[in-house]
Amino acid sequence: MAAEEQAREQRTEQERLTAFFEHADMDAELCPAFMHMVRSTSGKTVECGAQSPAHGNGLLLCSRMRKDSAFQLTGVVCPDPSPLARWPADIPMPGRAWLSRIEEAAQSPLKVAVLNPDTKRCAYERVGPGPRR
């Protein structure tokens, strides 16, 4: 029964995020692996917010340190890179295609988590103004 409920929740989440997947050019089948990456790399309780025009149409990620604390914006997934200077430090993305967009536009040092869609593993990249570090 728990497995059925979890599968239903995943389908509901995928349906809710359809527009984001199109924006990110992300296969919806990668959603469970991608969300696992997001949650495990943060080490915190993470919730996906809405796709945000104010944040480059990226998907907002909110996290909280403790069960009784409030959720706070901690990351943006696959943002259009133009206003990067004021964004949270963590930017998860479902593949390397987005990395070049972020590298070209970064105005401040950023930590980017990149999912390898084949291995379903995460690699971290540090990007900043000028050449990649």
With rounding to the nearest 0.5 angstrom, report the [atom1] to [atom2] distance, [X] to [Y].
X	Y	atom1	atom2	result
Cys62	Gln72	SG	CD	9.0 Å
Leu73	His55	CG	NE2	5.0 Å
Thr18	Gln51	OG1	CD	10.5 Å

Worksheet item: Side chains of Val76 and Leu60: does their closest heavy-atom pair fall under 4.5 Å?
Response: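 A side-chain contact under 4.5 Å exists here.
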Discussion item. So Arg16 and Cys48, do their side chains get closer than 4.5 Å, heavy atoms only?
Written reply: yes
Discussion item. Check this for me: Glu13, atom CD, are more than 12 non-hydrogen atoms of other residues, nucleotides or ligands nearer than 6.0 Å?
Written reply: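 More than 12 within 6.0 Å, yes.
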Worksheet entry | Other residues, nucleotides, ligands: >12 heavy atoms within 6.0 Å of Asn116 CG | yes
Discussion item. Testing the basics here: between Tyr124 and Ala113, what is the closest heavy-atom pair and its distance to 0.1 Å?
Written reply: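 So the minimum-distance heavy-atom pair works out to CE2-CB, 3.9 Å.
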Response to the item:
Closest heavy-atom pair, Asn57 versus Phe20, reported as atoms and distance to 0.1 Å, is O-CD1, 4.3 Å
Item to complete: Applying side chain to side chain donor-acceptor pair (under 3.5 Å), name anything that partners Glu22, two or more places apart in sequence or on another chain.
Response: none
Worksheet entry | Listed partners of Arg11 passing side chain to side chain contact (heavy atoms under 4.5 Å, CB included), at least two apart | Ala7, Arg8
